[in-house]
*Asks:* 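Okay, here's the structure, questions in a sec.
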Amino acid sequence: MASLDRYLHIIGIELLLILTIILPLIDRPPAKRVLSKLFLTVLGFMLAHFATHALPDKLASFIYSSQHAYHSLKSQAPHRT
């Protein structure tokens, strides 16, 4: 069974594709403006969602790499040479 996160990715990508196809076909400025804002909103949410996936590990490793206490912790795993 696929996760909810995967379904949200698929729905977001499909919505962006549909809006990309529909936007050039619309001639009325008010409707085009609304759909453009919707496109930018969905794109913004998708980018924010990507950032929440990608940044936490990078940010945590950056923060902990500058801490002396983090480097001085002894590993519980056996030492390999």
*Asks:* Give me the other members of the hydrophobic cluster that L35 sits in, counting Ile, Leu, Val, Met, Phe, Trp and Tyr linked by side-chain heavy atoms under 4.5 Å, directly or via other members.
*Replies:*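 ILVMFWY cluster around L35 also holds I13, L15, L16, L17, I18, L19, I22, L23, I26, L38, F39, L40, V42, L43, M46, L47.
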*Asks:* With sequence neighbours left out, write down each residue that passes side chain to side chain donor-acceptor pair (under 3.5 Å) with D5, or none if nothing qualifies.
*Replies:*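 D5 satisfies side chain to side chain donor-acceptor pair (under 3.5 Å) with H9, H49, H53 once adjacent residues are dropped.
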*Asks:* Please go through F45's hydrophobic cluster and name the other residues, only I, L, V, M, F, W, Y counting, with side-chain heavy atoms under 4.5 Å joining them.
*Replies:*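 Traced through the cluster, F45 reaches no other member.
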*Asks:* Going by the side-chain hydrogen bond (donor to acceptor under 3.5 Å, both in side chains) test, which pairs reach into residues 10-31, not counting sequence neighbours?
*Replies:*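 Listed once each, the pairs would be none.
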*Asks:* Output all residues satisfying side chain to side chain contact (heavy atoms under 4.5 Å, CB included) with P24, sequence neighbours left out; order by chain, then residue number.
*Replies:*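 Listed in chain order: nothing, the list is empty.
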